[in-house]
Amino acid sequence: MAEAAHQAKGGSQKPVKKLFGKLADGTRIHSWSLANGGTRMTVLSYGGIVQSLEIPDDKGRYANVSLGFDNIEDYVAQSPYFGALIGRYGNRIGKGKYTLDGRSHQLSVNDGANSLHGGDKGFDKRVWDIEPFTKGSDVGLHLSCTSVDGEMGHPGTLDVNVTYTLTEQGDWRIDYEATTDKATVVNLTSHVYWNLEGEGSGSAHDHELEIAASHYLPVDSGLIPTGEPESVVGSPFDFRRAKRIGEDIREAHPQLLYAKGMDHNWVLDKGTTTEPEHIATLRAPSSGRTLKMATTEPGLQFYSGNFLDGTLVGTGGKIYRQGDALCLETQHFPDSPNKPSFPSTTLRPGQTYRSTTIHSFS
């Protein structure tokens with residue numbers, strides 16, 4: 001362990017594979033540990049889950065800043081998507097239905113009347129094939145899976161490839177790619193729960209957040225966008241300048257009541273881009289740890305950990321309570337297949353879905 005820590009500070013550590021546990025059917029789940037540029041990461045073959053992500057504070061002290069569990073049983077039985085790869089469709093699809101090219105598709109419904117994060121057996125519950133790599137000064141993992149035609153109600157056999165890269169600067173880069181043999185919809189994202197003071201350290205409401213977005217998407221009581229972007233000006237949703245997450249989160253705003261906090265999509269000012277552009281900064285004042293995010297995606301789902309309820313015990317043996325972490329999910333908009341005015345999430349044969357998000361730490 002000491003040698004690995006030294007390598008993490010001074011350069012790269014090639015991915016190391018270990019047995020993490022077994023599923024009920026005997027399937028072996030492995031962990032892959034890697035490090036580069038001062039960032040350390042452990043990834044599971046189950047769900048492509050980031051089980052831990054360690055970065056130093058302003059005094060060089062390391063902490064795991066990603067919520068999770070220390071055993072596979074808890075991930076299977078009760079994980080609220082801790083650290084997982086999400087698909088086929090990240091976020092919600094209203095009433096679990098959409099029509100594509102004149103055909104209606106009924107999806108797996110797992111969030112009230114809606115489909116959430118791919119249904120009850122989404123990509124977060126798949127066992128991914130993982131291949132480690134080193135390329136120049138970078139180290140990383142190639143993750144792949146195939147979702148067959150009709151899985152969770154979606155048309156088309158979808159081949160998915162996701163690359164996690166740790167760069168020599170310590171950045172964590174995610175590159176998503178997918179192809180299909182029938183027209184379908186795709187919206188992939190990562191569901192890390194961040195607390196830059198360290199998982200299990202308590203509330204993240206003192207974190208300061210800045211989002212480059214002048215509009216957000218209001219939702220109905222089922223957290224499905226109503227369809228029209230709304231200006232953030234004069235609302236609790238204005239993060240154009242950095243402010244404490246807890247500053248406005250208890251305001252008596254109808255949207256906050258629906259979500260028990262924030263669980264909304266911000267319409268990024270930059271729109272969809274071919275190369276990643278900066279869209280958000282998260283900072284923890286006590287530790288000085290900072291996360292900067294860049295993406296090609298047009299939206300950012302900010303979820304303030306509203307449904308953490310004190311029933312989960314995390315990696316470090318502490319109970320997770322409401323607001324103890326937050327998610328910043330780069331993606332297309334929720335319910336896009338039912339909202340023609342939203343950027344399209346349709347993928348057709350011969351096309352390649354591509355998306356990139358970069359997390360930079362300091």
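Only heavy atoms go into these numbers, but all of them, side chains included; no hydrogens, no water, no symmetry mates. Since the model is a prediction, treat every value here as computed from it, not as a measurement.
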Taking [atom1] in [X] as the centre, count heavy atoms belonging to other residues, nucleotides or ligands within less than 6.0 Å. Is the count above 12?
X	atom1	value
E247	CD	yes
R244	CZ	yes
I319	CD1	no

In this structure, would [X] and [Y] fall into the same cluster of hydrophobic residues linked by side-chain contacts under 4.5 Å?
X	Y	value
V50	L166	yes
I55	L209	yes
V160	Y89	no
I130	Y75	no
W266	I358	no

[X] [atom1] to [Y] [atom2] distance, which is reported to the nearest 0.5 Å:
X	Y	atom1	atom2	answer
K14	F133	NZ	CZ	13.0 Å
N195	H205	CG	NE2	10.5 Å
R40	L53	CZ	CG	11.0 Å
D220	T226	CG	OG1	7.5 Å
F82	C327	CZ	SG	8.5 Å
E208	L196	CD	CG	11.0 Å

Exercise for the section: Decide side-chain contact (heavy atoms from CB on, under 4.5 Å) for F239 and M262; before the verdict, give the C-alpha distance in whole Å, the side-chain angles of both, and the deciding distance to 0.1 Å. Expected result: CA-CA 12 Å; F239 286 90; M262 297 190 179; 3.7 Å; yes

Exercise for the section: For the pair R103 and D101, find out whether any cationic side-chain nitrogen is under 4.0 Å from an anionic carboxylate oxygen. Expected result: no

Problem - F302 and L326: CA distance, side-chain angles, deciding distance, side-chain contact (heavy atoms from CB on, under 4.5 Å) verdict - result: CA-CA 7 Å; F302 166 34; L326 63 140; 3.7 Å; yes

Any donor-acceptor pair under 3.5 Å linking the side chain of [X] with the backbone of [Y]?
X	Y	value
N161	E177	no
D175	T356	no
N114	K95	yes
W32	G140	no
E197	S287	yes
K270	E297	yes
S304	N306	no
T39	G170	yes
D238	R240	yes
K339	F333	no

Non-hydrogen atoms of [X] and [Y] that approach each other most closely:
X	Y	answer
R28	S45	O-OG, 4.4 Å
R92	L116	CG-CD1, 3.6 Å
T157	D149	OG1-N, 3.2 Å
A259	H264	CB-CE1, 3.9 Å
G288	R283	CA-NH2, 4.3 Å
R289	A63	NH2-CB, 3.2 Å

Exercise for the section: With the side chain counted from C-beta on, respond yes when S286 and D206 share a heavy-atom pair under 4.5 Å apart, and no when they do not. Expected result: no

Could you tell me whether the side chains of [X] and [Y] share a donor-acceptor contact shorter than 3.5 Å?
X	Y	result
S66	S52	no
T167	D138	no
D25	T27	yes
E210	T281	no
Q51	T42	no
T315	D70	no
S360	D171	yes
N91	Q331	yes

Practice task
Among residues two or more places apart or on two chains, list those pairs meeting side-chain hydrogen bond (donor to acceptor under 3.5 Å, both in side chains) that have a residue in residues 316-326.
Solution key: E199-Y320

Exercise for the section: Decide side-chain contact (heavy atoms from CB on, under 4.5 Å) for L188 and L85; before the verdict, give the C-alpha distance in whole Å, the side-chain angles of both, and the deciding distance to 0.1 Å. Expected result: CA-CA 7 Å; L188 306 181; L85 277 174; over 6 Å; no

Exercise for the section: Would you please indicate yes or no on a ring centroid separation below 6.0 angstrom for F342 and H332? Expected result: no

Handout entry: is_close_aromatic(F20, Y46), centroid dist under 6.0 Å
Key = no

Practice task
Share the residues that join I224 in a hydrophobic cluster, the rule being Ile, Leu, Val, Met, Phe, Trp or Tyr side chains under 4.5 Å apart at the heavy-atom level.
Solution key: none

Completion exercise
Excluding L223, membership of its hydrophobic cluster (Ile, Leu, Val, Met, Phe, Trp, Tyr; side-chain heavy atoms within less than 4.5 Å) reads V219, Y258

Exercise for the section: Sequence neighbours left out, what passes side-chain hydrogen bond (donor to acceptor under 3.5 Å, both in side chains) with S31? Give chain and number order. Expected result: none

Handout entry: Set of residues satisfying side-chain hydrogen bond (donor to acceptor under 3.5 Å, both in side chains) with respect to K243, sequence neighbours excluded
Key = D248

Exercise for the section: Please test T180 against R348 for side-chain contact (heavy atoms from CB on, under 4.5 Å), starting from the C-alpha separation and ending with a verdict. Expected result: CA-CA 6 Å; T180 184; R348 298 186 180 279; 5.6 Å; no

Handout entry: For D74, side-chain contact (heavy atoms from CB on, under 4.5 Å) partners two or more places apart
Key = F69, N71, Q78

Practice task
Take H359 and Y164 through the ring-ring contact (aromatic ring centres under 6.0 Å, His included) test and state the conclusion after the steps.
Solution key: CA-CA 11 Å; H359 309 78; Y164 290 169; 9.2 Å; no

Exercise for the section: Over 60° means perpendicular and under 30° means parallel, so classify the ring planes of Y303 and Y193, tilted if in between. Expected result: perpendicular

